[in-house]
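Structure first, then comments.
Basis for what follows: all heavy atoms, side chains included, without hydrogens, waters or symmetry-related copies. Protein chains get the first letters and strands the later ones, always in sequence-line order, with residue 1 at the start of each.
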Number of protein chains: 2
Amino acid sequence: MLEKIHLSIVREVERRGSLTAAADVLCLTQSALSHSMKKLEQKVGTDIWLREGRSLRLTQAGKYLLALAERLLPQLERAEERLEQYAAGERGTLCIGMECHPCYQWLLKVVSPYLDDWPDVDVDVKQKFQFGGIGALFAYEIDLLVTPDPLYKPGLRFEAVFDYEQVLVVGRQHVLAGAPHVDPEQLGGEVLITYPVEIERLDIYNQFLMPAGISPRRHRVIETTEIMLQMVASGRGITALPRWLVEEYADKMEVVPLRLGKKGIAKQIFLGIRESDADIDYLKAFVELARRPAIARSA
Amino acid sequence: MLEKIHLSIVREVERRGSLTAAADVLCLTQSALSHSMKKLEQKVGTDIWLREGRSLRLTQAGKYLLALAERLLPQLERAEERLEQYAAGERGTLCIGMECHPCYQWLLKVVSPYLDDWPDVDVDVKQKFQFGGIGALFAYEIDLLVTPDPLYKPGLRFEAVFDYEQVLVVGRQHVLAGAPHVDPEQLGGEVLITYPVEIERLDIYNQFLMPAGISPRRHRVIETTEIMLQMVASGRGITALPRWLVEEYADKMEVVPLRLGKKGIAKQIFLGIRESDADIDYLKAFVELARRPAIARSA
DNA sequence: CGCAAAAAATGAAAAATATTCATAGAAAGT
DNA sequence: ACTTTCTATGAATATTTTTCATTTTTTGCG
């Protein structure tokens, strides 16, 4: 009764604004779409659009269908792709979602040996999710979530795979450069450089500065790690990054890692999967590979 | 390319064990099914079943399709029902999911006036979810989640609608019955009666006993509130429940609420919805009704 | 073993469905 | 007012699905 074509039409009409335009995209005639939808409307007994002049406005039922289409069609499309991958003899695509910027650097180190181990598995990395990483896992948009905030919920399985310390990064000329650690009060006058993330989600803010009632003088947002570190090296600000990441750049750039507070900020990277996927071999292998110490891999 | 019928066939063949049997259920002939699937197999280029003698065994691709079918078909079926509801002039069904036992008692108080206010909306309550309450929200299994653990994730919106105190419940004859409050140490020898939930998820355990290093002598599990309270009244154990719930039973049963620790344990019930549903009127109305003080309703 | 039963595959025919074509009607833009 | 831009619709056509009739393969069983 309710077929894929109906969902496609509803979605495409919404995107293009008219039946006629949608017909072009779907490689059908306007008439075909009109007939199809009319038939569905008769079958279910309710209109999907209000015909207002020469334009269509979704009814309540139509809006519901649109939401359904936006949700199901991508899954069907992904399924078609995946079937073709099976046909091509590939195992499939491991679709990885990421929720933190520095995770990306870490991930690269894992993906590279993984691709060697599993030549018939493709890896795809996504970073934007309508409903966040967890939603993407539930919706089968991704198969694996890399995140600093695990969430133990039924149906999902999280595992810590990597421990690291989040440190402050300053230029080698900075007055603090030699200190054994820094206190929040010492950062009041600084420019804080970070990835484009709301300040509330930054560890250096919510675990270090905010509890002490300190705010940075200014907050600057930069997309890439390299540029961020160049800014820091040239004394234009400070930032916070994983220690291992800073150490990798330390010989090429004039930057110094510093412990945040006496105890430092300890962090972990977690991998999350759907419980039902727990025994897919190539997924299991990824998690196991990720768990192996980074040292062994980065050699 | 990949159509609903293919998913239906895969699912039904799995359920009934053969194409022939599936054909009966789907009101088609065995031949029709065979042709349909053959065509799909040719299109995607991979077999879906291994033909072993006169039986079919799913290939990897087939298993993948089966998982897809089990996931998508229920959503399509639900959508068809819902469209017909729209057609019948009904507003739809408000599907409520619940993640905590005592929430149920509270929910009943809200649902009753809601049904009066919205005669053309049906209410359905579900309690079991493959992927937990959050997963059910994301998967559109439910429209509203009642839970004590909110989760601020993009795409979801949680709101506290009800505050209550979680208290210890003892029989009127119990030695502690007159105390102003209880300390964890006083419960070391007791039998703890609870709903069937892992002990780690119980507030009385993880917020009260565990931090003090105390374990109850024994943990007994009971399904219903009434029986639980009868057990408590007869001195066979203690339990923890919302204060308002205990007070409702207090005149019929020999039970006494006691504060847990000096400060007590404060709890809240949250309602979670999908952000995209935020302006569905009958959903909004439910949340608003739920927010109104319980006193006003239970009168 | 040989035969009946059960299941899937297949080709051709029939039925059903979807699509197009041609056109009408309605609204919006100029 | 005229042109353009939409959607709707009926009839004709094309395509797809389904059935029917049969074949092939396998399995169970006396």
Side-chain angles (χ1 to χ4, degrees), chain A residues 1-59 61-63 65-66 69 73 76 80 83 87, chain B residues 1-59 61-63 65-66 69 73 76 80 83 87:
Chain A
M1 169 155 87
L2 180 58
E3 296 298 329
K4 194 167 81 167
I5 186 68
H6 300 123
L7 298 180
S8 300
I9 294 173
V10 170
R11 180 175 70 171
E12 223 53 56
V13 166
E14 201 59 19
R15 285 187 183 165
R16 313 280 152 179
S18 75
L19 265 190
T20 313
D24 285 348
V25 177
L26 297 171
C27 299
L28 289 168
T29 60
Q30 172 270 325
S31 174
L33 304 204
S34 181
H35 282 300
S36 279
M37 296 310 289
K38 169 122 287 178
K39 196 172 165 193
L40 177 67
E41 289 179 328
Q42 280 167 355
K43 200 89 174 192
V44 301
T46 179
D47 281 358
I48 287 160
W49 290 289
L50 292 173
R51 277 68 174 178
E52 295 191 328
R54 66 185 182 189
S55 63
L56 304 173
R57 211 181 72 220
L58 288 169
T59 59
K63 284 181 192 166
L65 272 188
L66 177 62
L73 289 177
L76 283 167
E80 289 175 2
L83 285 180
Chain B
M1 170 155 83
L2 180 57
E3 294 298 328
K4 193 167 83 169
I5 186 67
H6 300 122
L7 298 179
S8 301
I9 294 173
V10 169
R11 181 174 71 172
E12 223 52 57
V13 165
E14 201 59 20
R15 284 186 185 166
R16 313 279 152 179
S18 75
L19 265 190
T20 313
D24 284 350
V25 177
L26 296 172
C27 300
L28 288 168
T29 59
Q30 172 268 327
S31 174
L33 268 52
S34 180
H35 281 300
S36 279
M37 295 311 289
K38 170 122 288 179
K39 196 173 164 194
L40 177 66
E41 289 179 326
Q42 280 169 353
K43 202 89 175 193
V44 300
T46 180
D47 281 358
I48 287 159
W49 291 291
L50 291 174
R51 275 71 173 177
E52 293 192 332
R54 65 184 183 191
S55 63
L56 305 173
R57 212 182 72 223
L58 287 169
T59 58
K63 284 181 191 165
L65 270 189
L66 177 62
L73 289 176
L76 283 167
E80 288 175 3
L83 285 180

[atom1] of [X] versus [atom2] of [N]: gap in Å, rounded?
X	N	atom1	atom2	answer
B/Met37	D/dT16	CE	C1'	16 Å
B/Leu28	C/dA7	CG	P	17 Å
A/Ile9	C/dT19	CD1	P	8 Å
B/Leu26	D/dT18	CG	C1'	13 Å
B/Ile5	D/dT17	CD1	P	10 Å
B/Glu3	C/dA18	CD	C1'	12 Å
A/Arg54	C/dA27	CZ	P	11 Å

Q: Check the pair A/Leu76 / A/Leu7 against side-chain contact (heavy atoms from CB on, under 4.5 Å), numbers first and verdict last.
A: CA-CA 11 Å; A/Leu76 283 167; A/Leu7 298 180; 5.6 Å; no
Q. So, the side chain of A/His6 versus the backbone of A/Glu3: is there a donor-acceptor pair under 3.5 Å, distance only?
A.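 Yes.
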Q | For B/Gln30 against B/Thr20, the heavy-atom pair lying closest together | A |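 Smallest heavy-atom distance, with atoms named: CG-OG1, 3.9 Å.
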State whether [X] places a side-chain N or O below 4.0 Å from either non-bridging phosphate oxygen (OP1 or OP2) of [N].
X	N	result
B/Lys39	D/dT17	yes
B/Lys38	C/dT10	yes
A/Ser34	D/dA8	yes

Touch class at under 4.0 angstrom, heavy-atom based, for [X] against every strand present:
X	result
B/Ser31	base
B/Thr20	sugar-phosphate
A/Glu52	nothing

Q. Going by heavy atoms in the side chains, are B/Ile9 and B/Leu40 under 4.5 Å from each other?
A.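 Sidechains of B/Leu40 and B/Ile9: no contact.
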Q | Heavy-atom side-chain contact between B/Arg11 and B/Glu14 under 4.5 Å | A |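 Sidechains of B/Glu14 and B/Arg11: no contact.
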Under 3.5 Å, is there an N or O donor on one side and an acceptor on the other linking the side chain of [X] and the base of [N]?
X	N	answer
B/Gln30	C/dA9	yes
A/Arg51	D/dT7	no
A/His35	C/dT20	yes

(Q) Nearest to the A/Thr29 side chain among C/dA28, C/dA7, C/dT19, which nucleotide is it? (A)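 For A/Thr29, the side-chain atoms sit closest to C/dT19.
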